[in-house]
Amino acid sequence: MLSCHYIQKGCLFTQPTSLSSNQLIPLLKSALSRTLSLFPPLAGRLTTDSHGYVYISCNDAGVHFLHAAAPALNVLDLLSPLDVHKSFREFFTFDRKVSYSGHYSPIMAVQVTELADGFFIGISVNHAVTDGTSFWNFFNTFAQECRGASKSIRNVPDFRRDSVLISDAVLRLPEGGPKVTFNADAPIRERIFSFSREAIQKLKARANNRKWTEEKDNGNGKVTTLLENWFKSAAETETVTTVEISSFQSVCALLWRAVTRARKLPASKTTTFRMAVNCRHRLEPKLEPFYFGNAIQSIPTFATAADVLSHDLRWCAEQLNKNVRAHNDATVRQFVKDWESNPRCFPLGNPDGASITMGSSPRFPMYDNDFGWGRPLAVRSGGANKFDGKISAFPGRDGSGTVDLEVVLAPETMAGLESDPEFMMYATGQL
């Protein structure tokens, strides 16, 4: 990930009534300092030794902290537009900073931006140092420290380096370090599409070819109603053993079909749907859940545009499901072995115009970041690692199982997605 931008994610809050700006900033700085004592690599720098091996020097060189102000913006301004407000990109420092630069720049930066009626905490972290699991564990711990809950911190990061992921192979890099592998200046649009719990349940039922059960309150308690929407006959169900498609795989399959339609690709064009998977629980022996570092691998699923569009939702979901289920200890180790035979930076991007890259996770505890004045109103990202086909999955704020997708597409593709009946039926909850 040395050729990738720093991760940029942050949380939007209303203004705490009990704290002034003069009180808030020192409080956050103090909590940040205490949190860094639990995550010492984040206060260090990258170092390359004489053999070409890159490691982290935990030298306590520090992180960057920036206090900014945007008094002309209020919370409603930021959340009202159809597309993600461009100002969110200004709420992060280290914009477009490549992770290799951690050799001479801080590994992490925190920016606190005051708004007219709220504030935004944006964190930028070197992507070669952390993945999403480590990032959000840090963010959660930062919030706990700030609200005075340090005694209840349980998710202590694990820094052991005795797994197959820590390779002896040397990655040879060009003079001055690698560059990003995509065009960061290409025109894109960025939107948040929300999927309600009910919409996801219906979509999952469709992907699994079964009836969907709906719970309705008739005033005297909840009554379960079966909606008659069989997708397979009883005889077929009895004779065919099928795998269970998850809720998230159902959403991914829907997106794969809709984006492929919107791109108007030739029937023979091979499309790719990449999913980032957490390897911590896939390895044997398993890594600790809060193993600190990058413990992700990218699983590609390939299919022609004709296959994606001519088959049903179930078929697309099955292709994704099959690859995710197959990614076990042996597969993780094979990925490492293949990389060691040809060490290289991860080629993030969409070079052929037919790829989708799904990152982040609706399982990440993004809305658990209570700094002492309530949960965030929204989670947003900066401009880092944005290209046509980059998708990030967030949990919905209500915690009921809703999912938000941050979708980045070429403008003409986004227009096609917005007019796609199948996709928008579920994305808007109008079922």
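Only heavy atoms go into these numbers, but all of them, side chains included; no hydrogens, no water, no symmetry mates. No experiment lies behind these values; they were computed from the predicted model shown.
Between Ala305 and Leu265, the shortest heavy-atom contact is CB-CB, 4.1 Å. The shortest non-hydrogen separation linking Gln23 to Ser18 is OE1-O, 3.8 Å. The minimum heavy-atom distance between Leu287 and Ala295, with the atom names listed, is CD1-CB, 4.4 Å.
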- [ ] Evaluate the side-chain contact (heavy atoms from CB on, under 4.5 Å) criterion for residues Asn385 and Arg96: first the C-alpha distance (whole Å), next the side-chain angles of each, then the deciding distance (0.1 Å), finally the verdict.
- [x] CA-CA 8 Å; Asn385 300 311; Arg96 296 193 180 188; over 6 Å; no
Task: Audit row: Lys386, Glu190, salt bridge (Lys or Arg N to Asp or Glu O under 4.0 Å) steps and yes/no - done: CA-CA 9 Å; Lys386 296 284 178 70; Glu190 184 179 346; 2.8 Å; yes
Open item on the list: Applying side chain to side chain donor-acceptor pair (under 3.5 Å) to Ser298 and Arg274, what does each step give before you reach the verdict?
Closed with: CA-CA 6 Å; Ser298 178; Arg274 285 190 170 273; 3.0 Å; yes
TODO: Could you walk me through whether Arg314 and Asp312 pass the salt bridge (Lys or Arg N to Asp or Glu O under 4.0 Å) test, one step at a time?
DONE: CA-CA 5 Å; Arg314 167 81 190 182; Asp312 60 9; over 6 Å; no
Open item on the list: Checking Ser105 against Lys97 for the side chain to side chain donor-acceptor pair (under 3.5 Å) test, could you report, in this order, the C-alpha distance in whole Å, the side-chain angles of both residues, the deciding distance, and whether it holds?
Closed with: CA-CA 9 Å; Ser105 294; Lys97 183 175 282 295; 3.2 Å; yes
Open item on the list: Is there a side-chain contact (heavy atoms from CB on, under 4.5 Å) between Lys151 and Ile153? Walk through the geometry before answering.
Closed with: CA-CA 6 Å; Lys151 291 183 179 180; Ile153 293 174; over 6 Å; no
- [ ] May I have the step-by-step check of ring pair (Phe, Tyr, Trp, His ring centres under 6.0 Å) for Phe159 and Tyr291, ending in yes or no?
- [x] CA-CA 6 Å; Phe159 297 109; Tyr291 165 90; 9.1 Å; no
- [ ] Any chance you could lay out the side chain to side chain donor-acceptor pair (under 3.5 Å) test for Gln15 and Thr17, step after step, and finish with the verdict?
- [x] CA-CA 6 Å; Gln15 188 69 38; Thr17 56; over 6 Å; no
Task: Criterion side chain to side chain donor-acceptor pair (under 3.5 Å) on Ser400 and Asp398, from CA distance to verdict - done: CA-CA 6 Å; Ser400 69; Asp398 63 10; 3.1 Å; yes
Open item on the list: Please evaluate residues Glu284 and Arg333 with respect to the criterion salt bridge (Lys or Arg N to Asp or Glu O under 4.0 Å), reporting the C-alpha separation (whole Å), side-chain torsions for both, the decisive distance (0.1 Å), and the verdict.
Closed with: CA-CA 10 Å; Glu284 295 295 343; Arg333 292 175 185 275; over 6 Å; no
- [ ] Apply the test side-chain contact (heavy atoms from CB on, under 4.5 Å) to residues Ile188 and Leu409: give CA-CA distance (whole Å), side-chain angles for both, the deciding distance (0.1 Å), then the verdict.
- [x] CA-CA 5 Å; Ile188 54 172; Leu409 293 170; over 6 Å; no
TODO: List the steps, then state whether side-chain contact (heavy atoms from CB on, under 4.5 Å) holds for Leu320 with Met275.
DONE: CA-CA 9 Å; Leu320 300 172; Met275 302 180 77; 4.2 Å; yes
TODO: Walk me through it: do Arg206 and Glu422 pass the test salt bridge (Lys or Arg N to Asp or Glu O under 4.0 Å)?
DONE: CA-CA 12 Å; Arg206 178 182 162 195; Glu422 181 188 44; 2.4 Å; yes
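At distances below 3.5 Å, not a single donor-acceptor pair connects side-chain atoms of Ser355 with backbone N or O atoms of Pro351. A donor-acceptor pair under 3.5 Å is absent between the side-chain atoms of Asn321 and the main chain of Ile245, judged by distance alone. Arg263 places no side-chain N or O within donor-acceptor distance of the main-chain N or O of Gly416, the cut-off being under 3.5 Å. Not a single donor-acceptor pair under 3.5 Å links the side chain of Ser134 to the backbone N or O of Asp131. No donor-acceptor pair closer than 3.5 Å links the side chain of Asn278 to the backbone N or O of Ile296. Of the possible donor and acceptor atoms, none in the side chain of Thr272 sits under 3.5 Å from a partner among the backbone N and O of Pro300. Under a 3.5 Å cut-off, the side chain of Glu145 and the backbone N or O of Phe142 do not form any donor-acceptor pair. Side chain of Ser33 to main chain of Lys29: no donor-acceptor pair is present (N/O by atom type, distance under 3.5 Å, no hydrogens or angles). Checked by atom type and distance alone, the side chain of Asp388 pairs as donor or acceptor with a backbone atom of Ala410 at under 3.5 Å. Between the Ser152 side chain and the Ala149 main chain, a donor and an acceptor come within less than 3.5 Å of each other.
Each of His64, His5, Met108 was evaluated against Phe94; a single residue qualifies, His64, per the side-chain contact (heavy atoms from CB on, under 4.5 Å) test. For the side chain to side chain donor-acceptor pair (under 3.5 Å) criterion with Ser381, the lone passing option out of Glu406, Gln8, Lys390 is Glu406.
Arg89 has no carboxylate O lying under 4.0 Å from a charged side-chain N of Asp95, or vice versa, which leaves the two without a salt bridge. The residues Arg189 and Glu412 are annotated as not salt-bridged, no charged nitrogen and carboxylate oxygen being separated by less than 4.0 angstrom. Using a 4.0 Å cut-off between charged nitrogen and carboxylate oxygen, Lys202 and Glu198 count as a salt-bridge pair.
Enclosure of atom CZ in Arg325 by more than 12 non-hydrogen atoms of other residues, nucleotides or ligands within 6.0 angstrom is indicated. For Arg191, the CZ atom is densely surrounded, since the number of other residues' heavy atoms within 6.0 Å is greater than 12.
The side-chain hydrogen bond (donor to acceptor under 3.5 Å, both in side chains) contacts involving residues 359-373 comprise Asn140-Asn369, where partners must be two or more places apart or lie in separate chains. Within the structure, every pair that satisfies the ring pair (Phe, Tyr, Trp, His ring centres under 6.0 Å) test and touches residues 243-262, not counting sequence neighbours, is listed here: Trp256-Phe273.
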Could you pull out every donor-acceptor pair under 3.5 Å between side chains of residues 115-125 and any protein atom, sequence neighbours left out?
from	atom 1	to	atom 2	distance (Å)
Asp117	OD1	Val75	N	2.9
Ser124	OG	Thr93	O	2.8

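Between the side chains of His67 and Gln111, no donor N or O sits under 3.5 Å from an acceptor N or O. Side-chain contact, Asp338 with Gln334: a donor N or O sits under 3.5 Å from an acceptor N or O. Using modelled atom types, one finds a donor on one side chain and an acceptor on the other under 3.5 Å when comparing Asn328 with Thr331.
At a threshold of 4.5 Å between non-hydrogen side-chain atoms, the residues Lys286 and Arg280 do not count as touching. For the pair Tyr6/Ser101, a side-chain contact is recorded, criterion being any heavy-atom separation below 4.5 Å from C-beta on. Using a 4.5 Å cut-off on side-chain heavy atoms (C-beta onward), Met366 and Phe394 make contact. With a 4.5 Å cut-off on side-chain heavy atoms, Leu32 and Leu36 count as touching. Two residues are said to be in side-chain contact when any heavy atoms from C-beta on lie closer than 4.5 Å; Leu42 and Phe138 meet this criterion.
Taken from CG in Leu313 to SG in Cys252, the straight-line distance is 11.0 Å, to the nearest 0.5 Å. If you take CZ on Phe371 and CD on Gln144, they are separated by 10.5 Å, rounding to the nearest 0.5 Å.
Aromatic rings of Phe423 and Phe193 (six-membered ring for Trp) have centroids within the 6.0 Å cut-off, being under it. In summary, the aromatic rings of His127 and Phe135 are positioned with their centroids too far apart to meet the 6.0 Å limit.
A cation-pi contact, defined as under 6.0 Å to the ring centre and within 45° of the axis, links Arg380 to Phe88.
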